[in-house]
Amino acid sequence: QVQLMESGGGSVQVGGSLTLSCKVSGGTIMTYSMAWFRQAPGKAREGVACIGGDGSRYADAVKGRFTISKDNAKSSLFLQMNSLIPEDTAMYYCARRSQYRCLLSEYEYEYWGHGTQVTVSS
């Protein structure tokens, strides 16, 4: 059974940085695509970044500030977040898609973690 567990969330001030981690157990991430999504209160869940065999993609709102990476040997996914702004405040989720190509649509991902909270204050 594939399980995903996020960590690394917290509270930071505007301009600060955080690195989120997602540990995958019960399955590989080597040949599959992975992604980070986020959901703010009262808003729909949105794709933040994904990484797959065809490279990585980012939402326009985070381009140039966030970097997604993964360590296949450790079955771990990461999201380095810099220059954080209050609009980045949300619950962040990692997800795995059983396909090679990465997409930023939540409907394409079969496995999800429970999320880690990121709060950015001014």
Side-chain angles (χ1 to χ4, degrees):
Q1 181 179 0
V2 177
Q3 294 184 322
L4 288 71
M5 181 172 292
E6 303 91 340
S7 61
S11 297
V12 296
Q13 293 190 324
V14 169
S17 298
L18 280 174
T19 300
L20 305 184
S21 300
C22 173
K23 175 68 175 176
V24 180
S25 59
T28 182
I29 65 170
M30 186 176 297
T31 55
Y32 299 133
S33 57
M34 300 286 297
W36 287 98
F37 290 82
R38 66 186 182 186
Q39 187 168 22
K43 294 188 177 182
R45 187 155 54 184
E46 62 175 352
V48 174
C50 67
I51 185 167
D54 58 338
S56 57
R57 293 179 174 81
Y58 295 89
D60 289 343
V62 306
K63 280 181 182 176
R65 300 188 299 120
F66 290 11
T67 302
I68 190 170
S69 62
K70 64 175 182 170
D71 185 331
N72 291 330
K74 296 182 178 180
S75 291
S76 294
L77 178 73
F78 306 98
L79 185 68
Q80 174 67 45
M81 305 186 294
N82 299 325
S83 302
L84 286 162
I85 59 178
E87 290 76 13
D88 295 321
T89 295
M91 184 72 77
Y92 283 72
Y93 301 89
C94 67
R96 197 197 83 169
R97 177 175 189 251
S98 298
Q99 298 290 333
Y100 190 69
R101 182 170 180 247
C102 90
L103 297 171
L104 287 177
S105 169
E106 63 176 311
Y107 303 106
E108 299 289 338
Y109 289 81
E110 300 96 342
Y111 300 100
W112 293 82
H114 294 292
T116 185
Q117 178 68 38
V118 172
T119 302
V120 184
S121 57
S122 56

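Along the sequence shown, residues are numbered consecutively beginning with 1. All values below come from the heavy atoms of this structure, side chains included, with hydrogens, waters and symmetry mates left out.
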Results of side chain to side chain contact (heavy atoms under 4.5 Å, CB included) for Ser83 - residues two or more places apart only: Arg65

Flag, side chain of Ser33 to backbone of Gly52, donor-acceptor distance under 3.5 Å: no

hydrophobic_cluster_shared for Tyr58 and Met34, side chain cutoff 4.5 Å: yes

Distance (rounded to the nearest 0.5 Å) between Cys94 SG and Ile29 CD1: 9.5 Å

Hydrophobic cluster identity match, Val62 and Val118, side-chain contacts under 4.5 Å: yes

Separation between NZ of Lys23 and CE of Met5, rounded to the nearest 0.5 Å: 11.5 Å

Separation of Gln99 CD from Asp54 CG (nearest 0.5 Å): 11.0 Å

Output side-chain donor-acceptor pairs under 3.5 Å for residues 71-79, partner residues at least two apart or in another chain, one line each.
| unit_1 | atom_1 | unit_2 | atom_2 | d |
| --- | --- | --- | --- | --- |
| Asp71 | OD1 | Ala73 | N | 3.1 |
| Asp71 | OD1 | Lys74 | N | 3.2 |
| Ser76 | OG | Lys74 | O | 2.9 |

Heavy-atom donor-acceptor pair, Thr89 side chain to Val120 backbone, under 3.5 Å: yes

Hydrophobic cluster membership, Tyr111 vs Leu103, 4.5 Å side-chain cutoff: no

Within-4.5 Å side-chain heavy-atom neighbours: Arg57 and Arg101: yes

Same cluster (ILVMFWY, side-chain, under 4.5 Å), Trp36 and Tyr93: no

Identify every side-chain donor-acceptor pair in residues 14-22 under 3.5 Å, counting partners at least two apart or on other chains, and give the distances.
| unit_1 | atom_1 | unit_2 | atom_2 | d |
| --- | --- | --- | --- | --- |
| Ser17 | OG | Asn82 | OD1 | 2.9 |
| Thr19 | OG1 | Gln80 | OE1 | 2.4 |

Pairing residues for Gln13 by the side chain to side chain contact (heavy atoms under 4.5 Å, CB included) criterion, not counting sequence neighbours: Ser121

Where Gly27 and Val2 come nearest, the two heavy atoms and their spacing: CA-CG2, 4.2 Å

4.5 Å side-chain heavy-atom contact, Leu104 and Cys50: yes

Note, Glu6 side chain near Tyr92 side chain (heavy atom, < 4.5 Å): no

Straight-line distance of Ile51 CD1 to Thr67 OG1, nearest 0.5 Å: 10.0 Å

Geometric class of the Phe37/Tyr109 ring pair [parallel <30°, tilted 30-60°, perpendicular >60°]: perpendicular

Closest contact, heavy atoms only, Ala40 versus Ala90: N-CB, 3.8 Å

All pairs passing salt bridge (Lys or Arg N to Asp or Glu O under 4.0 Å) where residues 104-117 contributes a residue, at least two apart: Arg45-Glu106, Arg97-Glu108

Residue pairs passing the salt bridge (Lys or Arg N to Asp or Glu O under 4.0 Å) test where at least one lies in residues 28-40, sequence neighbours excluded: Arg38-Glu46, Arg38-Asp88

